[in-house]
Amino acid sequence: TFLTVITYPLLRFYKRVGFSKGMAIFFVVSMVLSIIGGLIWLLGDSADAFAEDLPERSKQVTESLASWLQNNNIIEEKSELSDGMNTYMAAFATSIASSLATAATDLILICILLCFMLLEAESFPTKVEVAFGAERSHMARLKEYELDLQRYLLVKTLTSAITGLCVGLLCWAVGLEYAFLLAVIAFLLNFIPTVGSIIASVPGIVLASSLGIAHAAGIALGYFAINLVIGNLLEPQIMGRKLGLAPLIVFLSFFFWGWMWGPIGMLLSVPLTMALKIYMEHTK
């Protein structure tokens with residue numbers, strides 16, 4: 001559904017310039033397949049190396065932190081912190097590799113579903129007319145809902161891409177490994193306001209910590225500055241304030257959609273909640 005909403009304007013563009021419906025859908029789906037497939041291919045080796053390296057890097061960082069906490073009598077045994085963190089990081093690294101494998105497996109199914117949804121998208125207004133009558137109010141609200149949802153998703157995708165690019169350049173400038181992978185993680189998690197940016201910064205800070213406290217602090221400040229400028233200045237200016245969600249709603253939607261659909265639900269929690277909000281704004 002997410003891909004259909006984003007790519008439907010492109011489908012209409014292809015049809016306006018003279019392509020048949022079948023050829024337009026073929027070009028749109030081929031583009032989606034190429035972009036996602038290429039992204040998975042580029043991330044493959046980097047993600048595998050990152051998954052192998054992250055537990056060892058996190059072990060070094062947590063042991064150093066645990067020693068400091070023990071020396072200051074905050075904890076009694078270093079193992080209280082290091083064992084738990086090492087287990088968490090190992091599980092996190094494994095989940096990255098397994099998520100990529102699952103995405104590659106599901107890619108063909110996603111593209112097939114996208115074909116059928118794009119085929120149905122054009123006839124959807126007609127079905128609404130049959131169901132509710134050809135009143136202008138129904139069709140106008142449907143059109144407003146469609147435009148607002150497309151606007152939100154396109155702007156969010158654009159700002160997330162800018163966030164990922166800035167994070168990648170920051171990590172590359174500092175000399176951090178896996179800059180491309182960290183950029184993609186920042187791009188994806190930027191769809192989750194506030195919580196997503198915090199989660200996205202953890203791998204970068206952990207990797208930078210192995211280079212020294214100054215590098216870790218620089219990366220942390222860099223992540224903070226990027227998300228402050230893009231999330232609080234650029235994005236509201238482009239999107240406008242009327243599509244904003246209360247922080248409490250964002251927080252609750254994160255857990256609700258995560259409980260319902262797992263990690264994918266968390267990733268799409270705000271777009272899904274925003275879709276419901278926009279729909280209710282355009283219904284009586």
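Below, all heavy atoms of this structure are taken into account, side chains as well, without hydrogens, waters or symmetry copies. In this text, all values refer to a predicted model and were calculated from it rather than measured experimentally.
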Q. CD1 of Ile226 to OG1 of Thr163: how many Å apart, nearest 0.5 Å?
A. 7.5 Å

(Q) Is there a path of hydrophobic side-chain contacts, each under 4.5 Å between heavy atoms, that joins Met117 and Ile36? (A) no

Q. Where do Cys171 and Tyr223 come nearest, in terms of heavy atoms and distance?
A. SG-OH, 4.3 Å

Q: State, to 0.1 Å, how close Ala200 and Ala186 come at their nearest heavy-atom pair, and which atoms those are.
A: CB-CA, 4.0 Å

Q) Looking at CD1 of Ile25 and OG of Ser20, how far apart are the two atoms once the value is rounded to the nearest 0.5 Å? A) 9.0 Å

Q.
Starting from Leu158, can I reach Phe187 by hopping between I/L/V/M/F/W/Y residues whose side chains sit under 4.5 Å apart?
A. yes

**Q.** Cluster link Ile35 to Leu118, ILVMFWY, side chain under 4.5 Å
**A.** yes

Q) Between CH2 of Trp172 and CG of Leu182, what distance do you get to the nearest 0.5 Å? A) 15.0 Å

Q. Is the closest side-chain heavy-atom distance between Leu189 and Ile198 below 4.5 Å?
A. no

Q: Report the relative orientation of the aromatic rings in Phe27 and Tyr14; use parallel for angles under 30°, tilted for 30 to 60°, perpendicular for over 60°.
A: tilted

Q: Could you grab the distance from atom CD1 of Ile162 to atom CG of Leu165, nearest 0.5 Å is fine?
A: 8.0 Å

Q) Are Leu169 and Leu188 grouped together when hydrophobic residues (ILVMFWY) are joined by side-chain heavy atoms under 4.5 angstrom apart? A) no

Q. Under a single-linkage definition using a 4.5 Å side-chain heavy-atom cutoff for Ile, Leu, Val, Met, Phe, Trp and Tyr, are Met31 and Leu3 assigned to the same hydrophobic cluster?
A. yes

Q) Atom CG in Leu154, atom OG1 in Thr159: separation rounded to 0.5 Å? A) 10.5 Å

Q. What is the minimum heavy-atom distance between Ala220 and Ile205, and which atoms define it?
A. CB-CD1, 3.8 Å

Q: Indicate the atoms forming the closest heavy-atom contact of Lys21 with Leu119, along with that distance.
A: NZ-O, 3.2 Å

**Q.** Rounded distance [0.5 Å steps], CZ in Arg16 versus CG in Leu11
**A.** 10.0 Å

Q) Of the non-hydrogen atoms in Val29 and Cys115, which two are nearest, and what is the gap between them? A) CG2-SG, 3.5 Å

Q) Of all heavy-atom pairs between Gly204 and Leu176, which one has the smallest distance, and what is that distance? A) O-CD2, 3.7 Å

